Amino acid sequence: MANPNNSKDKGQAGAATEPSQTTNFIRTMIDEDLRTGKHRTIVTRFPPEPNGYLHIGHAKSICLNFGLARDYGGRCHLRFDDTNPAKEDMEYIDSIKDSVHWLGFDWGGDLYNASDYFGQLYAWAEELIQKGKAYVDDLTAEQIREYRGTLTEPGTESPFRDRSAEENLDLFRRMRSGEFPDGCRVLRAKIDMASPNMNLRDPVMYRILHASHPHTGDEWCIYPMYDYAHGQSDSIEGITHSICTLEFEDHRPLYEWFLDALGIYAPRQIEFARLNLTYTVMSKRKLLELVREGYVTGWDDPRMPTIVGMRRRGYTAEAIRAFCERIGVGKNDSWIEMGVLEDCVREDLNQRAPRAMAVLNPLRMVIENYPEGLHEEFDALNHPNDPSMGTRKVPFSREVSIEAEDFLEDPPKGFFRLAPGREVRLRYAYIVKCTGVVKDEVTGEIVEIRCTYDPDSRGGSAADGRKVKGTIHWVSATHAFPAQVRLYDRLFSVQQPGSDKGGADWKACLNPDSLKIIDTCRMEPGLAQAAPGSLFQLERQGYFSVDAKDSTPGAPVFNRIVTLRDSWTKSGA
RNA sequence: UGGGGGAUCGUCUAGCGGCAGGACUGCGGACUCUGACUCCGCCAACCAAGGUUCGAAUCCUUGUCCCCCAGCCA
């Protein structure tokens, strides 16, 4: 079968995403800056730290920043905020680039690293020292914390705060030359130890770290803190609108202090609320913990909210973009319901996924009046609402497998599938009537359904025009092939597993049924050749993808992306 | 008790002194060879109290609640 997953086939460089249809407070601010002539064009940036894999929360930021650049005809830079070599890795850098591209965005030639500016940042640090605005502090990390004061009490000044510019410069240069061990001294901005804003109580600018950096190798043994590097990096790149999350709101005065002290261009920083999604966690620390401790199989486990995980599960870039567009941007702490994301994938997959039939939990059905040894083929629509997707042949024979839950010996009111004496349509095939049930003599379990078929209903429609309410999917027992299906469900069983603060409780909320592996599934023959990564709707079940990692030629493994809406089981039956 | 933010249907989000709109969810119905899709309809909100105004979600005052900040993390 053809692979309809064309999201991966679009050229990366030319990937075009659709313009936003809605406005938000950031766009209002940009409109204002453009209207007043403050800027003629805009430059945004997506600045990840390469210390983990991107997740759906990053996707929100990516869609926001690249989307703004797209809609205003500006640019969006990809910049790695790689100021802490102790935590960063090339593996993450590659993965992040790949995920941004996969999502459909392109930074063109604007790929940067904070580490590109280490030289400039260092020169500026010397400048601040010379201006008496920075000093080398010999206090230990512990002491610095004690001297910082508390939220309600001012801090106290370090005894090293008033060293001369000459002494500071000498010490700082010796820090840089590797004369001192890690942690023995830091460079601090001389601002105000009594500031009500903790960020302004002489923040650390540089620390000694004898670590090899993914980009600069062993060139440096002192590294700038994020707070010292970020604002200037934006400034150097001429970022017009520096969009970040809420927790950096009270860092803004610090960024502005550095920019002002240096007398360089100041971008406008705008903060928005980060994404929270129900039934999952979003913090890198927690995701890393799930990976390290084996609660999931890796960063790309289909249950992870990571881009690589969602991609492997079968989410399309289009669906994720639609989601980011739909949830909007604001400053309220909010929790988006998982149902919104699920609706976005269904909406996208409903259009693009060809249909197929597979029986997850097979129950044998024998059609008593169907000739032994006879095989027929029926034409099935690949998409009921899109004739351009064509048809396929599905083989039929005397013995078929149907979904166990489609038969009930004693059906409740409103159940219109199969039951003793009742008729049901085998999709695209025949109308059959249940004539009996065969049970295991010891367990009493139903092992087989006996039916007769109506030869005049070939293709599924009764010659006499009678209505048959129920239509069920099936596979020919003699033609079907077995395949593994992985039924994924929400990773956590509570809505806000991440809201319990630093507690360890969150892992107790993991959903024990987030993955059910079924090896007894029977699929229609055509599915055997399904390409890795391809997407299908298994009729009446849900949307599935062929796992790109564990499938082998002729033996596809199916991941359930999301179920179909189901107003029957939901009705409580 | 310091500083910085935020409060609009169940959940998100528009609104910028002039009819509180949209999406998701929920409920009801139509259609149906997927109990899917699609279509139609319904339920559902301005944190509170004052004030300004012909008119307030919007402006002012006071209060309440929630989030963030005391890393040599970002």
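Letters A, B, ... are given to chains in the order of the sequence lines, protein chains preceding strands, and every chain is numbered from 1. As the structure is a computational prediction, the values presented were derived from the model and not from experiment.
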Does NZ or CZ of A:Arg176 fall inside the cone over A:Trp220's six-membered ring, less than 6.0 Å from its centre and within 45° of the axis? yes
Please determine if A:Arg185 forms a cation-pi arrangement with A:Phe180, meaning its NZ or CZ atom is less than 6.0 Å from the six-membered ring centre and no more than 45° off the ring axis. yes
Among residues at least two apart in sequence or on other chains, which ones pass ring-ring contact (aromatic ring centres under 6.0 Å, His included) with [X]?
{"X": "A:Phe407", "answer": "none"}
{"X": "A:His251", "answer": "A:Phe248"}
{"X": "A:Phe258", "answer": "A:Tyr228"}

Sort me out a list of protein N/O and nucleotides 14-21 of chain B N/O pairs below 3.5 Å, or just none if empty.
{"residue": "B:A14", "atom": "OP1", "partner": "A:Val329", "partner atom": "O", "Å": "3.4"}

Ignoring backbone atoms, test whether [X] places a side-chain nitrogen or oxygen under 4.0 Å from the OP1 or OP2 oxygen of [N].
{"X": "A:Arg148", "N": "B:C72", "answer": "yes"}
{"X": "A:Arg201", "N": "B:A70", "answer": "no"}
{"X": "A:Arg207", "N": "B:C73", "answer": "yes"}

What distance, rounded to whole Å, do you find between the two [atom1] atoms, one in [N] and one in [M]?
{"N": "B:A48", "M": "B:U8", "atom1": "C1'", "answer": "15 Å"}
{"N": "B:A44", "M": "B:U13", "atom1": "C1'", "answer": "15 Å"}
{"N": "B:C46", "M": "B:A56", "atom1": "C1'", "answer": "11 Å"}
{"N": "B:G6", "M": "B:U38", "atom1": "P", "answer": "37 Å"}
{"N": "B:G26", "M": "B:G10", "atom1": "P", "answer": "15 Å"}
{"N": "B:C9", "M": "B:G71", "atom1": "P", "answer": "36 Å"}
{"N": "B:U61", "M": "B:G18", "atom1": "C1'", "answer": "24 Å"}
{"N": "B:A7", "M": "B:G63", "atom1": "C1'", "answer": "14 Å"}

Polar atom pairs (N or O), protein with nucleotides 36-39 of chain B, under 3.5 Å:
{"residue": "B:A36", "atom": "OP1", "partner": "A:Ser567", "partner atom": "OG", "Å": "2.9"}
{"residue": "B:C37", "atom": "OP1", "partner": "A:Arg565", "partner atom": "NH1", "Å": "2.1"}
{"residue": "B:C37", "atom": "O2'", "partner": "A:Asn350", "partner atom": "ND2", "Å": "3.0"}

How would you label the contact of [X] with the nucleic acid (heavy atoms, under 4.0 Å): base, sugar-phosphate, or nothing?
{"X": "A:Ser334", "answer": "sugar-phosphate"}
{"X": "A:Arg326", "answer": "sugar-phosphate"}
{"X": "A:Ser195", "answer": "nothing"}
{"X": "A:Lys284", "answer": "nothing"}
{"X": "A:Gly542", "answer": "nothing"}
{"X": "A:Met357", "answer": "nothing"}
{"X": "A:Leu139", "answer": "base"}
{"X": "A:Ile336", "answer": "sugar-phosphate"}
{"X": "A:Leu200", "answer": "nothing"}
{"X": "A:Val340", "answer": "sugar-phosphate"}
{"X": "A:Tyr206", "answer": "nothing"}
{"X": "A:His473", "answer": "nothing"}
{"X": "A:Phe416", "answer": "base"}
{"X": "A:Tyr430", "answer": "nothing"}

Along RNA chain B (nearest heavy atom to each residue), the more 5'-positioned of A:Arg425 and A:Asn197: A:Asn197
Between A:Asn51 and A:Gln541, the residue closer to the 5' end of RNA chain B by nearest nucleotide is A:Gln541
Using a distance-only test with no angle check, is there a side-chain donor-acceptor pair under 3.5 angstrom linking A:Ser242 and A:Arg45? yes
Would you say A:His473 and A:Glu539 are linked by a side-chain donor-acceptor pair, where the criterion is simply a distance under 3.5 Å? no
So, with a heavy-atom separation below 4.0 Å from RNA chain B, the residues of residues 267-277 of chain A are none
Of the candidate nucleotides B:G35, B:G10, B:C12, which contains the atom at the shortest distance from the side chain of A:Glu337? B:G10
The side chain of A:Leu151 is closest to which nucleotide in this list: B:C68, B:C69, B:C72? B:C69
Pairing of [X] and [Y] as salt bridge, 4.0 angstrom limit:
{"X": "A:Arg161", "Y": "A:Asp202", "value": "yes"}
{"X": "A:Glu405", "Y": "A:Arg417", "value": "yes"}
{"X": "A:Asp566", "Y": "A:Arg540", "value": "no"}
{"X": "A:Asp454", "Y": "A:Lys433", "value": "no"}
{"X": "A:Arg274", "Y": "A:Glu247", "value": "yes"}

Report the C-alpha separation of A:Phe172 and A:Tyr135 in whole Å, then their side-chain angles, then the decisive distance to 0.1 Å, and conclude whether the ring-ring contact (aromatic ring centres under 6.0 Å, His included) test is met. CA-CA 8 Å; A:Phe172 186 50; A:Tyr135 63 97; over 10 Å; no
Short heteroatom pairs, N/O only, protein and nucleotides 4-6 of chain B, under 3.5 Å:
{"residue": "B:G5", "atom": "O2'", "partner": "A:Glu249", "partner atom": "OE1", "Å": "3.2"}
{"residue": "B:G6", "atom": "O3'", "partner": "A:Asn332", "partner atom": "OD1", "Å": "3.0"}
{"residue": "B:G6", "atom": "O2'", "partner": "A:Asn332", "partner atom": "OD1", "Å": "2.9"}

Taking only Watson-Crick and G-U wobble pairs with both distances under 3.5 Å, what dot-bracket line describes RNA chain B, where [ ] shows pairs that cross earlier ones and | shows pairs with another strand? .((((((..((((....[..)))).(((((.......)))))....(((((..]....))))))))))).....
Residues forming a side-chain contact (heavy atoms from CB on, under 4.5 Å) with A:Thr140, sequence neighbours excluded: A:Glu142, A:Gln143
Name all residues meeting the salt bridge (Lys or Arg N to Asp or Glu O under 4.0 Å) criterion together with A:Lys190; count only those two or more places apart in sequence or in a different chain, and write none if there are none. A:Asp162
Residues passing the salt bridge (Lys or Arg N to Asp or Glu O under 4.0 Å) test with A:Asp192, sequence neighbours excluded, are none
Side chain to side chain donor-acceptor pair (under 3.5 Å) partners of A:Asp386, counting only residues at least two apart: A:Ser388
Step by step, work out the side-chain hydrogen bond (donor to acceptor under 3.5 Å, both in side chains) result for A:Gln351 and A:His383. CA-CA 8 Å; A:Gln351 302 176 56; A:His383 197 299; over 6 Å; no
Donor-acceptor pair under 3.5 Å, A:Lys570 side chain vs B:U25 base: no
Test side-chain hydrogen bond (donor to acceptor under 3.5 Å, both in side chains) on A:Ser20 and A:Glu325; report intermediate values, then the result. CA-CA 7 Å; A:Ser20 177; A:Glu325 170 77 12; 3.0 Å; yes
